[in-house]
Amino acid sequence: MPQFWKPGTAAPGSSLDRETESEGSIVPSASAAISHLSLEAQRQRLPIYKHREKLLWCVEKYRTVIVVGQTGCGKSTQIPQYLHEAGWTNQNHVVACTQPRRVAATTVATRVAEEVGSVLGDEVGYSIRFEDLWSPERTKIKYMTDGMLFRETMVDPLLSRYSVIMIDEAHERGAYTDLLLGLVKKIMRKRPELRVIISSATIEAEDFMEYFNSNADGSDRSEDDAIIVSLEGRMFPVEVCYLREPTADYVHTAIDTIFDIHLKEPAGDVLVFLTGREEIDQALQNIADRLQTLPKAAPKMLALPLYATLPVEEQEIIFEAPPRDTRKVILATNIAEASVTIDGIKYVVDSGFVKIKTFNPRNSMDVLTVTPCSLASANQRAGRAGRTSAGKCFRLYPPSMLPTRNSGSQMPITTPPELTRSDISLYILQLKALGIDNLAKFDFMSPPPSDMMIRALEFLYSLNAIDDEGRLTRPMGARMAEVPVDPMMAAILLNSHEMKCSEEMLTIAAMTQVQNVFVIPEGGMKATMAELERRKFTAEEGDHLTLLNVYNAFVRLGMRDKQWCGNHRINHKALSRAVSIRKQLKKYLERFGIKSSSCEGDAKKLRRCLVTGYFKNAARMMPDGTYRSAREGATLHVHPSSVMFTRQPSTGWVIFHEVIETSKSFMRDLTVIEEEWLVDLAPHYYKFKGGGIKKH
DNA sequence: GAGCACTGC
């Protein structure tokens, strides 16, 4: 059985790890006990209420207020209301509050509308992609995804409608959060009256403080612009234990720990953080085997998986109460760290690892690797044990793994921001559309590495989105920045008019934006059946045309018939989303004055049109069945989810949407093309040389 | 021959 270090008996390590124990003082959970009170009384009972005056004073005096407080302390719901009550919404001004996720924006808005006593969409509204529920005349508090507010700057560069902008969950450092931070800081120079509130977790607060108190060139601002306000947490204490010795197999140790908790600790549900679906399924299997060996009288356990690709119905099972006298054990990916909150968790088992995607600009490949999670993550995970009562967190590593300020450790203090580890071409294009041509001067909180910047610019140039001086081309580049899809697909859509296939391409573009078109169950007979269903839609030409077939069949037969979707293993939710996306994209094309056209079943037009955007992603099949990229000569493999996994391209050549490197480099979403098309449609990128094509 | 962490416009 794993040996854990009991903290408090001896100092386990650096001063940093003390933060893990200061999750908050003992303040009873607000929601459970006081639901019989009026909404107003409930608001005044919230721990944050006693900070109301202080908060308002700070917003009055400082231009940036960094608010630190536990998730659930009422920051997101209360602060915009305080500002509204204090008059920040006078003179037609609006208080904006951004969220990194759609569900958060809508649920918080719904709650606040209720507290304000307004119909949702009236005084309190929200704006997320495909859903606008607010009134230009009456809405005073507007919740929105950070991506939506970023987009708004394309129409209103100074965001002049807003008196206060609150950026919630800023510590997560999503791409659009970072872009907004940079823009908002820029806007503040032109609008001294604008107030910005950043909501952050403890560890990251200083970084925001530093950022807002300095100029882009590194010099300090003349006055103190930013202040940190700490709100009292209402979390219960979480006791953190560490492994005495590192483990070579954290899945195995996690299972040992689960059984230790199950047999020795008082009642309470367990949340286990692992890194992926495969690991979770394997662990579930092992747990089931081990439960068989327990004596009949042993307490009962119900182990459940939780990851994003799990069908929604199966995800919802975790919220149900388990049978009597049964301990619920949830094995989750990082989805349970911020996106999904489960109440009643008393024990957290933290593997200390996370699967993270990073972009390699040298070969344009995304790499998905298991790495140690950050201390910030570890703290967030531990906090999940203290939401409804005091809890315990078992970290499957020794305290010596924790980072210290001076020594380099495997574990970073914070997770690298998304902008520093992604393909940034889309974001660069959008910044250019905002008139930010000199990206070196843009005040990124964490500037993307220069090789990523260079690659993105080269790529945008090859798509004819920017000219050789780095300026946005018109109308092409400007339109590409506006369409809400990645630059390659944007180029394809805009070229589809000329290639006479815009109707079909709208569908293909929409379908490539949704994940999990097919519901493929885990292994065995069911998976084989699902595979057979998918073959009914398979197009010889590859995945893009297969997606087109699926969409057309769905619109004809499945849209109002969930049974049909079930029978064909098609994800109804995903397809419905594709219908929305297609509608939205069509509106853009109409606005650009692009007339609709159809290729009338001529698949060659479609495949050629795809080459106009995907030309960079071309590969040739080798005799051994693997592929070589035209660009770098890298060895690539067909992802098993592709229809090309079981067939060979008649021409020997394919283009693909993306490569992701896991155990191998896998191409996803493939279409068979002719080699000549590359030179024909992307002459600036390829030319004939000797027997075959070469990249310029 | 065999597989994707999580968001967002």
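What you are looking at is a predicted structure, and each value in this text was computed from that prediction instead of being measured. Atoms considered below: every heavy atom in the structure, side chains included; atoms not considered: hydrogens, waters and symmetry mates. Each chain gets a letter, A, B and so on, in the order its sequence line appears, and its residues count up from 1.
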When we call it a touch if two heavy atoms are under 4.0 Å apart, what does Leu426(A) touch: a base, just sugar-phosphate, or nothing? base
Under 4.0 Å between any heavy atoms, over every strand shown, what does Glu337(A) touch: base, sugar-phosphate, or nothing? Just pick one. nothing
To the nearest Å, give me how far apart CG (Asp146(A)) and C1' (dT7(B)) are. 9 Å
Which nucleotide, dA5(B), dC9(B), dG8(B), lies nearest any side-chain atom of Arg277(A)? dA5(B)
Not counting sequence neighbours, list each pair that qualifies as a salt bridge (charged side-chain N to carboxylate O under 4.0 Å, His left out) and has a residue in residues 410-423 of chain A. Asp423(A)-Arg455(A)
Rounded to the nearest angstrom, tell me the gap between atom CD in Glu658(A) and atom P in dG3(B). 17 Å
Taking dT7(B), dG3(B), dC9(B) as options, the one with an atom nearest any side-chain atom of His639(A) is dG3(B)
For atom CG of Asn516(A) and atom C1' of dT7(B), their distance in whole Å: 14 Å
Using OP1 and OP2 only, check whether a side-chain N or O of Ser663(A) sits under 4.0 Å from dA2(B). no
Give one of base, sugar-phosphate or nothing for Leu368(A), where a contact means two heavy atoms less than 4.0 Å apart. base
Taking any heavy-atom pair under 4.0 Å as a contact, classify Glu172(A): base, sugar-phosphate, or nothing. nothing
Give the rounded distance in Å between these two atoms: CG of Asn334(A) and C1' of dC6(B). 7 Å
NA contact type, Phe666(A), heavy-atom cut-off 4.0 Å: base, sugar-phosphate, or nothing? sugar-phosphate
In the structure I gave you, are the side-chain heavy atoms of Val354(A) and Thr415(A) within less than 4.5 Å of one another anywhere? no
Determine: side-chain N/O of Thr145(A) to OP1/OP2 of dC9(B), distance under 4.0 Å, yes or no. yes
Considering residues at least two apart in sequence or located in another chain, which fulfil the side chain to side chain donor-acceptor pair (under 3.5 Å) criterion with Lys142(A)? Glu152(A), Tyr162(A)
Going by heavy atoms in the side chains, are Leu575(A) and His572(A) under 4.5 Å from each other? no
Under 4.0 Å between a side-chain N or O of Arg102(A) and OP1 or OP2 of dC9(B)? yes
With nearest nucleotides of DNA chain B determined for Arg647(A) and Met148(A) from heavy-atom distances, which residue corresponds to the more 5′ nucleotide? Arg647(A)
Has Lys664(A) got a side-chain N or O lying under 4.0 Å from the OP1 or OP2 atom of dA2(B)? yes
Would you mind reading off the distance between Arg151(A) atom CZ and dT7(B) atom P, rounded to a whole angstrom? 20 Å
Both Pro484(A) and Lys357(A) contact DNA chain B. Taking the nearest nucleotide for each, which residue is further toward the 5' end? Lys357(A)
Hey, is Tyr307(A) doing a stacking thing with dA5(B), by the 5.5 Å centroid and 30° angle criteria? no
Would you mind reading off the distance between Leu419(A) atom CG and dT7(B) atom C1', rounded to a whole angstrom? 13 Å
Please check this pair: side chain of Ser422(A) against backbone of Ile424(A), looking for a donor-acceptor N/O pair closer than 3.5 Å. no
Nearest-Å distance for atom pair CD/P, residues Gln648(A) and dG1(B): 13 Å
Between Glu169(A) and Arg101(A), is the closest basic N to carboxylate O distance under 4.0 Å? no
Here the distance between atom P of dC9(B) and atom CZ of Arg582(A), to the nearest Å, is 20 Å
